[in-house]
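Please read the structure below before turning to the comments.
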There are 2 protein chains.
Amino acid sequence: MKLSANEEYGLRCLVRIGYAGEGGSLTIPEMSQAEGVSPAYAAKILRVLRKGGFVKAARGKDGGYTLARPAEAIVIGDVMDALGGRIFESSFCDSHSGQAAICTRSVDCSVRSLWRAVQVAVDQVLSKATLRDLLQNEEEMNTWVRTIPGARGLHVIQ
Amino acid sequence: MKLSANEEYGLRCLVRIGYAGEGGSLTIPEMSQAEGVSPAYAAKILRVLRKGGFVKAARGKDGGYTLARPAEAIVIGDVMDALGGRIFESSFCDSHSGQAAICTRSVDCSVRSLWRAVQVAVDQVLSKATLRDLLQNEEEMNTWVRTIPGARGLHVIQ
DNA sequence: AGTAATCTTGACTATAAAGTATAGATTGGC
DNA sequence: GCCAATCTATACTTTATAGTCAAGATTACT
């Protein structure tokens, strides 16, 4: 359960572009240098963000990348999906039913329930957080996820 | 942010061994067949679990794997760590300070805060769940994580 | 029109993760 | 002692991810 390099650098580049503000833009060489990766690799990542509809590119002189939509309309979970996925339910979960000798059904249920619990926990954070939230300061971050008194399970204020 | 094959199969094998009960044991061929993976691969995974201290192996005829400790003393988070890690804070987070031209500090803070929030959310589930919880039924799973009225942030009942 | 700065694309290489193969060591039963 | 069933260890192959390279297309400016 690791972050991929795509996810790490992709989000970092997106946040940078966000910080550039309304209409502000950043070029590949700028992001490449700031993140300490090669221009070619930065370009590869930016392509994913562009195809995902999060940024748009302007070619030619004075070109660069800008946000394709307002920061508050960019959900971090969607960005993560585009960059490599929030996949917890691995493929094998649904196969191998009824062939095993020992407790197969229970094992499937047990493990799947766990993954589901983790998935829910992660989604609480990623699906509710927007790029705008990340551009605000660190203090804000702690208010994303908090409890609703009397409720069961994890909850996040919208 | 995907589950690795090690995490998936490792946990599944551990749960199987847990289902075998006190003193019950499972062999590599049994688990291999039940999970639909090769015996060699099952052996590789089981080695990780053994070196992590979660299971112990008996060689020779009538050998196999059993839990090294009671199921309630096996924390799933520790198992995941051994199998491949709960690593969200990627290495690059701490490098590249002060070299970039644009907003470096803020980007680091923003992204790191997000990863921390996700990490916390995941830890709430994984650090509190024991193998015993997984061996109980699915219904139990939903009570692991719940809110503490009036509190801020994520909380989990002990 | 020419030039420099920029993004675009696809193919390529390198590294890490997944999965296999083989030879060896231990144990229990005959 | 021998054999079959089991785990152990290491090296190998395959596949996916990470990262590079080179040629091309677009734009602004003069």
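Please read all numbers here as calculations on a predicted model, not as lab measurements. Residue numbers begin at 1 in each chain, while the letters A, B, ... track the order of the sequences.
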>> Does B:Leu126 form a side-chain contact (heavy atoms from CB on, under 4.5 Å) with A:Leu114? I'd like the steps, not just the answer.
In response: CA-CA 8 Å; B:Leu126 296 185; A:Leu114 179 71; 4.1 Å; yes

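- Note on A:Lys2: every side-chain N or O is 4.0 Å or more away from OP1 and OP2 of C:dA16.
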Polar-atom pairs under 3.5 Å, protein N or O versus N or O of nucleotides 20-23 of chain D: list them with distances, or write none.
residue: D:dT20; atom: OP2; partner: A:Ser38; partner atom: OG; Å: 2.3

With 3.5 Å as the limit, what N/O pairs link the protein to nucleotides 26-30 of chain C?
residue: C:dT26; atom: O4'; partner: B:Arg59; partner atom: NH1; Å: 3.0
residue: C:dT26; atom: O2; partner: B:Gly60; partner atom: N; Å: 3.4
residue: C:dT27; atom: O2; partner: B:Lys61; partner atom: N; Å: 3.2

Pull out every protein N or O sitting under 3.5 Å from an N or O of nucleotides 1-3 of chain C, one pair per line with the distance.
none

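- We find the CG-SG distance between A:Asn6 and A:Cys13 to be 10.5 Å, quoted to the nearest 0.5 Å.
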> For A:Arg16 and A:Glu30, what are the C-alpha separation, side-chain angles and deciding distance, and is it a salt bridge (charged side-chain N to carboxylate O under 4.0 Å, His left out)?
Replying inline: CA-CA 10 Å; A:Arg16 268 177 209 285; A:Glu30 284 171 330; over 6 Å; no

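- Atoms CZ (A:Arg47) and P (C:dG10) sit 6 Å apart, rounded to a whole Å.
- For the pair B:Thr130 and B:Ala71, the tightest heavy-atom approach, listed with the atom from each and the gap, is CB-O, 3.8 Å.
- With values rounded to the nearest 0.5 angstrom, B:Glu72 atom CD is found 9.5 Å from B:Leu135 atom CG.
- Between the CG atom of B:Asp78 and the CG atom of B:Leu83 there is a distance of 11.0 Å, given to the nearest 0.5 Å.
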> Checking side-chain contact (heavy atoms from CB on, under 4.5 Å) for the pair B:Gln119/A:Val125: CA distance, chi angles, key distance, verdict?
Replying inline: CA-CA 10 Å; B:Gln119 176 97 56; A:Val125 177; over 6 Å; no

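- Separating the CG atom of B:Leu46 from the C1' atom of D:dA9 is a distance of 14 Å, rounded to the nearest angstrom.
- Here OG of A:Ser25 is found 10.5 Å from CG of A:Leu67. Values are rounded to the nearest 0.5 Å.
- Note on A:Arg50: only backbone sugar-phosphate atoms sit closer than 4.0 angstrom, heavy atoms only; bases stay farther off.
- To the nearest 0.5 Å, atoms CD1 (B:Ile74) and CZ (B:Arg132) are separated by 9.5 Å.
- For the pair A:Ile45 CD1 and C:dC7 P, the interatomic distance rounds to 14 Å; values are reported in whole Å.
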Contacts table for residues 40-62 of chain A: side-chain donor-acceptor under 3.5 angstrom, sequence neighbours left out:
none

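- The distance between atom CG of B:Leu49 and atom P of D:dT8, rounded to the nearest whole Å, is 12 Å.
- For B:Pro39, the side-chain contact (heavy atoms from CB on, under 4.5 Å) partners at least two apart in sequence or on another chain are B:Ile28, B:Ser32.
- Following rounding to the nearest Å, A:Ile28 (CD1) and C:dA5 (C1') show an atom-to-atom distance of 12 Å.
- Considering only the side chain of B:Ala5, C:dG19 comes nearest among C:dT8, C:dG19, C:dT9.
- Closest to the side chain of A:Thr27, from the set C:dT6, D:dC7, C:dG10, is C:dT6.
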> Between B:Asp133 and B:Lys128, is a side-chain contact (heavy atoms from CB on, under 4.5 Å) present by the stated rule, with each step listed?
Replying inline: CA-CA 9 Å; B:Asp133 296 318; B:Lys128 300 297 180 176; over 6 Å; no

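- Picking from C:dA18, D:dT17, C:dC7 the nucleotide with the shortest atom distance to the side chain of A:Tyr65 gives C:dC7.
- Atoms CD (B:Glu35) and P (C:dG19) sit 12 Å apart, rounded to a whole Å.
- Atom CG in B:Leu83 sits about 14 Å away from atom C1' in C:dA17, given to the nearest Å.
- For the pair A:Asn6 CG and C:dA16 C1', the computed distance is 15 Å after rounding to whole Å.
- Here B:Trp115 contributes atom CH2 and A:Glu7 contributes atom CD; the two are 6.5 Å apart, rounded to the nearest 0.5 Å.
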>> I'd like to know whether B:Val111 forms a side-chain contact (heavy atoms from CB on, under 4.5 Å) with A:Glu8, so could you lay out the CA-CA distance, the side-chain angles of the two residues, the decisive distance to 0.1 Å, and finally the verdict.
In response: CA-CA 8 Å; B:Val111 173; A:Glu8 175 79 32; 4.2 Å; yes

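- From one end of the helix from C:dA1-D:dT30 to C:dC30-D:dG1 to the other, with five pairs defining each end axis, the axis direction shifts by 0° (rounded to 10°).
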